Asks: 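Here it is, the structure, as structure tokens.
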Amino acid sequence: MKRTIAGTKLKSIGLGCMNLTHHAYGKPPSVETSRELLRHAFDIGVQHFDTAALYGSGRNEQLLGEMFHTVRNQVFIASKGGLRSVGATRVIDGRPSVLKKSCEDSLKRLQTDYIDLFYLHRLDKAVPIEESVGALGDLVRAGKIRGIGLCEVSVATLRRAHTTHPIAAVQSEYSLWTRNPEFAVLELCREIGAAFVAFSPVARGFLAGGIKSGFGDRDIRAHMPRFQEPNLAHNLRRYEAFEKLARRSFLTPTQLALAWVLSRGDHVHVIPGTTNIRHVIENNRTPMNISADVLTEAQAIINEEIIHGARYPASVLAEMDEEPVPHGGEF
């Protein structure tokens, strides 16, 4: 199934590349393993590859540049700027000069003269969105990027940004257990002709199965309330019912999770991340003809009112620019 982003028709299932060089979910794979995965993804027809300057402090973009510079016109590369790591601290910086420099650096690492979609990685609350998007608009006019994206923004921010320059895509976390975009952003994207790109559509691996206990300190899920006890035990009981529904429907749990997200609109794309070639294949075999009854049952089993725990710690939620939605458990 093909859908459009920034004027380009793409398969609706892309690949989030963060895990290939970033320690967010523990130790990343070797460079050769990452190359093999990207090569295989390309060979089976994956077109949309999502990266960022933040991921691996530029190593992620370098990896994609090495792999795809000779087939540049056959892939759609999305990257991000305006967020970087300084030691153990994340720094959000949406100043025009910083965004333009970030883009230039990304172009070099990606070994390309244009980026298909370039996102403002996070809203800098100290910089008017009009200034940040204005700088990205300059990059569009210069031919250095082909579309502007925003990550995890509110309806109000999206409206202001789109008035400054047409927004091609919004990327936010969206899955059966994270429904914030349904407050209004999902529909506004449809209205303005922007794609909605869902990251973590399999709930950071939770809806793929295999998560039975806690994580090491280097895994960001260890610090997320949904993955901490007693919330995790409760949530795993909900997963058991979800898995049974998937198996009864001749699907893997991952495929049911992806199909549900993609059913939310023909402007919706997903970019599940993985370090496993088998998962890339599984993701891209997700059927799109799942019955409405199965999808309805899935969202009754897993949703924010039933799941316990917030998706981020309070300190991270305070940085976010999006509409919160009520959910069970602790904040």
Side-chain angles (χ1 to χ4, degrees), residues 1-5 9-17 19 40-41 44-50 76 78 169-183 185-187 189-190 194-211 226 235-236 238-307 311 325 327:
M1 178 189 298
K2 289 198 172 185
R3 298 176 177 182
T4 302
I5 305 180
K9 283 195 173 295
L10 300 169
K11 291 183 177 179
S12 57
I13 300 175
L15 179 66
C17 299
N19 300 353
H40 195 87
I44 66 171
V46 175
Q47 300 169 284
H48 180 181
F49 295 87
D50 183 90
F76 183 96
V170 171
Q171 184 177 139
S172 289
E173 182 175 356
Y174 187 41
S175 67
L176 280 158
W177 79 351
T178 296
R179 307 284 188 87
N180 302 63
E182 293 177 359
F183 183 87
V185 166
L186 195 62
E187 181 56 32
C189 283
R190 187 200 308 273
F196 181 90
V197 180
F199 77 81
S200 296
V202 192
R204 301 184 186 275
F206 180 82
L207 294 177
I211 293 176
R226 289 182 180 178
N235 296 338
L236 284 171
R238 302 307 303 170
Y239 172 76
E240 291 172 4
F242 177 77
E243 182 180 32
K244 289 178 182 177
L245 171 63
R247 301 302 181 192
R248 194 167 71 242
S249 304
F250 303 100
L251 300 164
T252 67
T254 294
Q255 290 171 338
L256 179 53
L258 293 175
W260 181 88
V261 175
L262 289 170
S263 75
R264 311 313 287 173
D266 57 11
H267 62 311
V268 177
H269 301 244
V270 294
I271 48 167
T274 184
T275 58
N276 189 313
I277 288 176
R278 293 195 310 274
H279 294 166
V280 175
I281 296 169
E282 175 189 351
N283 295 345
N284 284 272
R285 289 178 176 171
T286 298
M288 295 295 117
N289 59 347
I290 299 170
S291 75
D293 287 345
V294 170
L295 297 174
T296 298
E297 189 173 350
Q299 69 182 27
I301 294 171
I302 304 287
N303 60 69
E304 289 217 22
E305 294 182 358
I306 290 173
I307 291 298
R311 69 186 185 107
V325 295
H327 58 76

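Residues take their numbers from the sequence shown, with the count starting at 1. Remember, it's a predicted structure, so these values are computed and weren't measured experimentally.
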Asks: Decide yes or no on side-chain contact (heavy atoms from CB on, under 4.5 Å) for Thr178 and Arg226, but give the supporting numbers first.
Replies: CA-CA 11 Å; Thr178 296; Arg226 289 182 180 178; 3.0 Å; yes
Asks: State whether Glu173 and Arg204 are salt-bridged, where the test is any N-O pair (Lys NZ or Arg NE/NH1/NH2 against Asp/Glu carboxylate O) under 4.0 Å.
Replies: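 So Glu173 pairs with Arg204 through a salt bridge.
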Asks: In terms of heavy-atom contacts, does CZ of Arg247 have more than 12 from other residues, nucleotides or ligands at under 6.0 Å?
Replies: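 Yes.
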Asks: Are the charged groups of Glu282 and Arg285 less than 4.0 angstrom apart, N to O?
Replies: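 The answer is no: the pair does not qualify as a salt bridge.
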Asks: Using the ring of each side chain (for Trp, its six-membered ring), is Tyr174 parallel, tilted or perpendicular to Trp260, with breaks at 30° and 60°?
Replies: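 Tyr174 vs Trp260 ring planes: tilted.
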Asks: If you look at every heavy atom in Ala259 and Ile290, which pair is closest and at what distance?
Replies: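 So the two residues come closest at CB-CD1, 3.2 Å.
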Asks: Just wondering, do Leu258 and Pro272 contact through their side chains at under 4.5 Å, heavy atoms?
Replies: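 Side-chain contact under 4.5 Å: yes.
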Asks: Does the separation of the ring centres of His267 and Phe196 fall below 6.0 angstrom?
Replies: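 No: the rings miss the under 6.0 Å criterion.
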Asks: Just verifying a value: how many Å separate Glu297 CD and Ser291 OG, rounded to the nearest 0.5 Å?
Replies: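 Going from CD on Glu297 over to OG on Ser291, the span is 9.0 Å.
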Asks: To the nearest 0.5 angstrom, please state how far the CD atom of Gln299 sits from the OG atom of Ser263.
Replies: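 Answer rounded to 0.5 Å: 7.5 Å.
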Asks: Does Asp50 use its side chain to pair, donor to acceptor, with the backbone of Gly14 at less than 3.5 Å?
Replies: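 No, the answer is negative, given that no donor and acceptor are paired below the 3.5 Å cut-off.
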Asks: Which atoms form the tightest heavy-atom contact between Ile5 and His48, and what is the distance?
Replies: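 Reported closest heavy-atom pair: CD1-CE1, 3.6 Å.
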Asks: Check Val46 against Ile13 and note the closest heavy-atom contact, atom names and distance.
Replies: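 Smallest interatomic distance, heavy atoms only, reads CG1-O, 4.5 Å.
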Asks: Are the side chains of Met1 and Leu262 in touch, meaning some heavy atoms are under 4.5 Å apart?
Replies: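 Not touching, per the 4.5 Å side-chain cut-off.
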Asks: So does Leu10 get a backbone contact from the side chain of Gln47, meaning a donor-acceptor N/O pair under 3.5 Å?
Replies: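 Side chain of Gln47 to backbone of Leu10, a donor-acceptor pair under 3.5 Å: no, none is there.
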Asks: Between the side chain of Thr286 and the main-chain N/O of Asn283, is any donor-acceptor distance below 3.5 Å?
Replies: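 Answer holds: yes.
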Asks: Considering all heavy atoms of both residues, which atom of His269 and which atom of Lys11 are nearest to each other, and what is their separation?
Replies: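 Distance-wise, the nearest heavy atoms are ND1-O, 4.2 Å.
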Asks: To the nearest 0.5 Å, what is the distance between OG1 on Thr274 and CG on Leu15?
Replies: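 Going from OG1 on Thr274 over to CG on Leu15, the span is 8.0 Å.
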Asks: Do you know the tightest heavy-atom contact between Arg179 and Ile302?
Replies: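 Heavy atoms of Arg179 and Ile302 come nearest at NH2-O, 3.1 Å.
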Asks: Has Arg264 got a side-chain atom pairing as donor or acceptor with Leu186's backbone, closer than 3.5 angstrom?
Replies: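 The answer is no, because no donor-acceptor pair under 3.5 Å joins these two groups.
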Asks: Rounded to the nearest 0.5 Å, how far does CZ of Phe242 lie from CZ of Phe206?
Replies: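 Interatomic distance, Phe206 CZ to Phe242 CZ, rounded to 0.5 Å: 9.5 Å.
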Asks: Atom CD1 of Ile301 and atom CD1 of Ile307: how far apart are they, to the nearest 0.5 Å?
Replies: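 One gets 10.5 Å once the value is rounded to the nearest 0.5 Å.
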Asks: To the nearest 0.5 Å, what is the distance between OG on Ser172 and CG on Asn180?
Replies: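 Answer rounded to 0.5 Å: 8.0 Å.
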Asks: Is the closest side-chain heavy-atom distance between Arg238 and Leu176 below 4.5 Å?
Replies: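 No, their side chains stay 4.5 Å or more apart.
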Asks: Minimum heavy-atom separation for Asp266 to Arg3, with atom names?
Replies: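 Shortest heavy-atom contact: O-CD, 3.2 Å.
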Asks: So do the side chains of Leu295 and Leu256 get within less than 4.5 Å of each other, counting heavy atoms only?
Replies: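 Yes, their side chains come closer than 4.5 Å.
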